[in-house]
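For reference, the structure is listed below as structure tokens.
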There are 2 protein chains.
Amino acid sequence: MALDNPTLQKAVTTADKVFYAILHAIVDGKIAAGSKISEPGLAKQYEISRSTLREALNRLEKCHLIERKANVGSRVVDCTIEGLLEIYVVREALEGMACREAAINMSDDEIAEMQDMLAQHANAQDLIDGVAYYQEEGDLDFHYKVILGSHNQQLINILCGQLYHLVRMYRIQFGMHSPRATRAFEEHSNIIQAICDRDGELAEILMRRHIAASRKNIEKKIALQNSATQ
Amino acid sequence: MALDNPTLQKAVTTADKVFYAILHAIVDGKIAAGSKISEPGLAKQYEISRSTLREALNRLEKCHLIERKANVGSRVVDCTIEGLLEIYVVREALEGMACREAAINMSDDEIAEMQDMLAQHANAQDLIDGVAYYQEEGDLDFHYKVILGSHNQQLINILCGQLYHLVRMYRIQFGMHSPRATRAFEEHSNIIQAICDRDGELAEILMRRHIAASRKNIEKKIALQNSATQ
DNA sequence: TAAAGTATAATTGTCGACAATCTGCTTATT
DNA sequence: AATAAGCAGATTGTCGACAATTATACTTTA
């Protein structure tokens with residue numbers, strides 16, 4: 001079930017391990033965004049052959065974490081504001097739809113599990129402090145559960161397999177400790193309620209607003225920064 | 001511009017050429033859906049080394065045309081009804097959003113170009129005959145233009161780079177010569193009008209209905225088939 | 001001095017071979 | 001007879017080397 005998550009999947013081959021190692025290095029910014037990737041360099045660093053490294057690079061390309069040009073090489077994607085906003089647009093569309101489908105397809109057990117998770121969050125010290133409600137990872141994450149709940153393999157692949165890491169990369173590198181913590185918690189509650197009521201239409205609208213609110217929050221911040229520097 | 005289309009991109013390296021060759025073979029059903037891929041076999045067939053073939057296979061995996069398991073091998077994805085419906089759900093969400101963004105971001109020139117294209121279609125013999133309005137490819141395609149018009153690189157990548165080929169594969173292998181030809185044409189007209197009016201909200205709704213109508217059309221067909229066999 | 005051309009160095013693409021793993025069949029055991 | 005263990009055969013993963021292409025630095029020329 002949750003093993004569909006590439007992040008949690010066990011690394012069975014050397015290329016796998018190196019893939020995850022580089023993945024984390026990029027997401028955490030240890031390999032700078034926008035920097036060029038040296039195949040001989042990285043291969044030496046991880047003590048593997050170039051073939052194996054290239055296998056790992058291919059997977060990173062699948063996650064849109066690096067970009068390759070023929071006969072030129074690979075670069076880590078760079079984190080631009082425009083890129084971030086583009087991702088939010090995609091998420092609004094896809095997670096909105098995932099939420100609609102989740103309201104239709106989730107089993108009662110899955111819904112109960114999600115409600116339990118939310119109850120735990122309500123007590124969590126982090127939430128009380130109003131910090132870092134966004135920081136959980138993997139299958140602890142609310143959005144994650146909703147996406148899996150859609151039972152749509154295409155949606156799961158795109159959102160959990162590809163965009164997930166990009167989103168984390170942006171969050172970490174832009175230092176987004178959401179100030180919307182308590183607000184987000186309430187929105188999550190309402191979304192779960194809609195799913196529980198099997199109201200797909202409402203569930204989608206609420207999820208879209210939830211994500212759009214985050215996006216607007218970022219746009220506002222950017223606007224403030226821009227007006228301050230002028 | 002249209003060079004962002006991986007289908008039209010020029011193949012510069014051998015792996016590229018083989019990638020496109022196998023891509024077409026799979027989409028056209030010359031390599032059967034669901035069949036296992038033999039690396040030694042295909043390498044011999046295309047007269048290349050296994051390394052080069054694996055490079056090509058990696059790209060096919062990016063398009064979700066094949067699936068790989070570690071130490072086991074690759075299989076061509078199989079075309080199931082569920083899979084097809086899943087794709088329609090994703091398309092409804094993403095192309096709907098792309099249409100909204102297109103209404104915001106397309107230049108006047110781009111819109112004029114799209115209107116010209118539609119006018120051409122209106123005269124086309126194919127349309128008069130009520131056949132095959134869906135069969136055009138590449139940047140002739142209406143949906144394609146809308147997606148590019150969103151100016152959102154993420155949307156373009158996912159829809160044109162990944163899903164595009166899968167959709168074509170399903171269309172060809174399920175033999176979908178849409179009987180909705182004239183109807184689809186009218187719907188396209190209305191969508192372009194909404195974009196022309198810069199009405200993103202309406203444009204999204206119309207596109208979603210347009211795609212949902214196709215999906216329901218398929219569901220109906222399936223239901224008929226099932227009731228006939230019982 | 002700036003621009004263009006050339007040669008050298010470095011990087012990427014491709015190849016064939018070996019090691020590790022899986023598949024299917026035979027054989028042995030209860 | 002059914003299940004488990006073990007053994008070929010084939011397939012995938014990994015490696016190091018060579019070929020093709022690109023980037024860099026230097027020289028030449030206007």
Side-chain angles (χ1 to χ4, degrees), chain A residues 3 6-23 25-26 31-78 161, chain B residues 3 6-7 9-26 31-78 161:
Chain A
L3 285 179
T7 319
L8 303 177
Q9 234 162 18
K10 213 168 185 178
V12 48
T13 181
T14 9
D16 267 320
K17 294 172 200 160
V18 175
F19 162 66
Y20 288 118
I22 303 180
L23 172 76
I26 290 178
I31 299 179
S35 65
K36 187 173 183 330
I37 284 181
S38 159
E39 288 186 10
L42 269 189
K44 210 168 283 178
Q45 185 176 334
Y46 288 97
E47 296 177 321
I48 55 174
S49 76
R50 257 184 65 228
S51 316
T52 306
L53 178 75
R54 278 162 72 86
E55 179 70 35
L57 292 184
N58 266 315
R59 304 225 194 132
L60 290 168
E61 203 184 354
K62 275 172 213 162
C63 303
H64 297 258
L65 287 176
I66 70 173
E67 285 166 350
R68 258 180 50 184
K69 269 186 207 165
N71 285 317
V72 173
S74 314
R75 305 195 77 87
V76 179
V77 296
D78 35 31
Chain B
L3 285 179
T7 319
Q9 234 162 17
K10 211 170 186 177
V12 48
T13 181
T14 10
D16 267 319
K17 294 173 201 159
V18 175
F19 162 67
Y20 288 118
I22 302 180
L23 173 76
H24 287 126
I26 290 178
I31 299 179
S35 64
K36 188 172 181 333
I37 284 179
S38 158
E39 289 186 10
L42 270 188
K44 210 167 284 178
Q45 185 176 334
Y46 288 98
E47 297 176 323
I48 55 174
S49 76
R50 259 184 63 227
S51 315
T52 306
L53 177 75
R54 278 163 72 87
E55 180 69 36
L57 293 184
N58 266 315
R59 303 222 196 135
L60 290 168
E61 204 185 352
K62 274 171 216 161
C63 304
H64 297 259
L65 287 176
I66 71 173
E67 286 166 349
R68 258 181 50 184
K69 269 186 206 165
N71 286 315
V72 173
S74 313
R75 308 195 76 86
V76 180
V77 296
D78 36 30

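In what follows, chains carry the letters A, B, and so on, assigned in the order in which the sequence lines appear, proteins first and then strands, with residues in each chain numbered from 1. These figures come from a predicted structure and were not determined experimentally.
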Can you give one letter per nucleotide of nucleotides 10-21 of chain D, going 5' to 3': B for a protein heavy atom under 4.0 Å from the base, S for sugar-phosphate only, - for none? --BBBBB----S
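Looking at B/Arg75 and B/Glu67, no side-chain N of the basic residue comes within less than 4.0 Å of a carboxylate O on the acidic one, giving no salt bridge.
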Stepwise, does the side-chain contact (heavy atoms from CB on, under 4.5 Å) test hold for B/Glu55 with A/Arg54? CA-CA 9 Å; B/Glu55 180 69 36; A/Arg54 278 162 72 86; 3.7 Å; yes
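The neighbour count for B/Lys36 NZ, taken as heavy atoms of other residues, nucleotides or ligands under 6.0 Å away, is above 12.
None of A/Leu23, A/Ile37, A/Val77 except one satisfies the side chain to side chain contact (heavy atoms under 4.5 Å, CB included) rule with A/Leu60; the exception is A/Leu23.
The side-chain heavy atoms of B/Val76 and B/Leu65, taken from C-beta on, include no pair separated by under 4.5 Å.
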